[in-house]
Amino acid sequence: MNLRDYLHSCYISEDLTSVIMSILKAGKEISEKIKNVDIGTAGTENIYGEEQMALDVLSDKIFQQELKSNRNVGLIASEELHDEIKIGDGNYAVCYDPLDGSSLIDTNLSVGSIFSIYESSSFIGVAGKDQLVAGFIVYGPRLTLIISVSHGTIECSYKDNEWLVTKDNLIVSEGKMFAPGNLRIISERDDYMKLMEFWMKNGYTLRYSGGMVPDINQIFLKGKGIFIYPGCPSKPEGKLRLLFECAPMAFLMEQAKGIATDGNARILDKVIQSIDQKSPIYLGSIEEVKRVQTYLS
Ligand code: AHM
Ligand code: MG
């Protein structure tokens, strides 16, 4: 089945379908640019003070172009922009991280784009649970997509010029696999070291590339495991952005029967107070996330 037919079977409106298709068109274009464009830095910084790669800036432009040409989109926000931008009168608000993990590009590891669609006139005041659609595209050896329109989480693959549903009803249940982000903070947190020891002494498999998209993609496809990026005294909210990274991943995970918390609150209940808001995140199978909460309380 192709993605359009799938969306139709979920009673997704033509307008919302067209927004999803615009995002995927941008993704297809970005996948071509990754193969062909100079991988150097752009000489600029984003609002988080991080150096932007030329491809970060280009990917953002591609997203903007596609979304501006869709009359159903009224608002956009990007991890690479300073603020949300009203771009038209459409009902839908799209936020995205156009190229997550771009510091991995030079080593030719997988990277991705993360996106969410809301129906709102501002992102301030929304919560992750208000998302209508969330997804991410993986630019790896294959071009794939994990998406949810609130009917479970599915995988699609780009083949013969279209997106085909390659795995429906992805479920994340218990299993021994861990992806520990920000392991450096063991120098600040003994409890994180104890959690690592638990996983290592109990025969868990370490699977960590340093890219949130491929690391979480793996959890969906293997149907087990956990990804965490905790905070620490020097960075209490960690690194990952609530609107652009944590909320969409949490939505996809809950739709796959897993959970996502910041250690105290459900990620999807957290209200966006600023576009650049960060959050710690523990995301994966229910038992494993609970275990992390016990260790890192
Ligand atoms: P980015 O959006 O600037 O690429 O940063 C997000 C990435 C995630 O993919 C990954 O989980 C994390 O940064 C790794 O962070 P660190 O640099 O602290 O290892
Ligand atoms: Mg990112």
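The first residue of the sequence shown is numbered 1, and numbering continues consecutively from there. In listed order, ligands and their atoms are each counted from 1.
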- May I ask you to check whether over 12 heavy atoms, not counting those of Arg207, lie within 6.0 Å of atom CZ? no
- Message: I need the nearest protein heavy-atom contact for atom 10 (C) of ligand 1: residue, atom name and distance, please.
- Response: Gly210 O, 3.3 Å
- Task: Mark up the atoms of ligand 1 that fall under 4.0 Å of a heavy atom belonging to Asp97, in ascending order.
- Result: 2 (O)
- What protein heavy atom is closest to atom 19 (O) of ligand 1, reported as residue, atom name and distance in Å? Arg184 NH1, 3.4 Å
- Query: Looking only at distance, does Lys235 have an N or O less than 3.5 Å from an N or O of ligand 1?
  - Reply: no
- Task: Please identify which atoms of ligand 1 are closer than 4.0 Å to at least one heavy atom of Met212.
- Result: 8 (C), 9 (O), 10 (C), 11 (O)
- Item | Donor-acceptor pair, side chain of Glu79 and main chain of Arg241, under 3.5 angstrom | no
- Over 12 non-hydrogen atoms of neighbours within 6.0 angstrom of NZ in Lys33: no
- Note on the structure: For Asp100, the N, O or S atom at the shortest distance from the Mg ion (ligand 2) is OD1
- Quick one: does Val213 get an N or O within less than 3.5 Å of an N or O on ligand 1? no
- Item | Pair Glu84, Ser122: side-chain N/O donor-acceptor within cut-off below 3.5 Å | yes
- Note on the structure: Nearest non-hydrogen contact to atom 7 (C) of ligand 1 from the set Lys239, Glu79, Glu80 belongs to Lys239
- Query: Among protein heavy atoms, which lies nearest atom 3 (O) of ligand 1, and at what distance?
  - Reply: Glu50 OE1, 3.4 Å
- Task: Considering the heavy atoms of Ser102, write down every atom of ligand 1 situated less than 4.0 Å from one of them.
- Result: 4 (O)
- Honestly, for Phe227 the part within reach of ligand 1 (heavy atoms, under 4.0 Å) is side chain
- Do Asp15 and Arg71 sit within salt-bridge range, that is, some charged N less than 4.0 Å from a carboxylate O? yes
- Task: From atom 4 (O) of ligand 1, work out which of Gly238, Gly211, Gly112, Gly101 has a heavy atom at the shortest distance.
- Result: Gly101
- atom 6 (C) of ligand 1: the protein heavy-atom neighbour that sits closest, reported with distance to 0.1 Å: Asp100 OD1, 3.3 Å
- Task: Check all N, O or S atoms of Asp97 and name the one closest to the Mg ion (ligand 2).
- Result: OD2
- Considering just N/O/S atoms, say which atom of Glu245 is closest to the Mg ion (ligand 2). OE2
- Note on the structure: ligand 1 atoms nearer than 4.0 angstrom to some heavy atom of Arg241 are 1 (P), 2 (O), 3 (O), 5 (O), 6 (C)
- Message: Counting only heavy atoms from other residues, nucleotides and ligands, does the tally under 6.0 Å from CG of Asp106 exceed 12?
- Response: yes
- Message: Checking the side chain of Glu288 only, and the main-chain atoms of Gly284 only, is there a donor and an acceptor separated by less than 3.5 Å?
- Response: no
- Message: Does Lys159, at its NZ atom, have more than 12 non-hydrogen atoms belonging to other residues, nucleotides or ligands within less than 6.0 Å?
- Response: no
- Under the 3.5 angstrom rule, does the side chain of Asn182 hit a backbone N or O of Gly238 as a donor-acceptor pair? no
- Query: Is there a donor-acceptor contact under 3.5 Å from the side chain of Thr153 to the main chain of Leu252?
  - Reply: yes
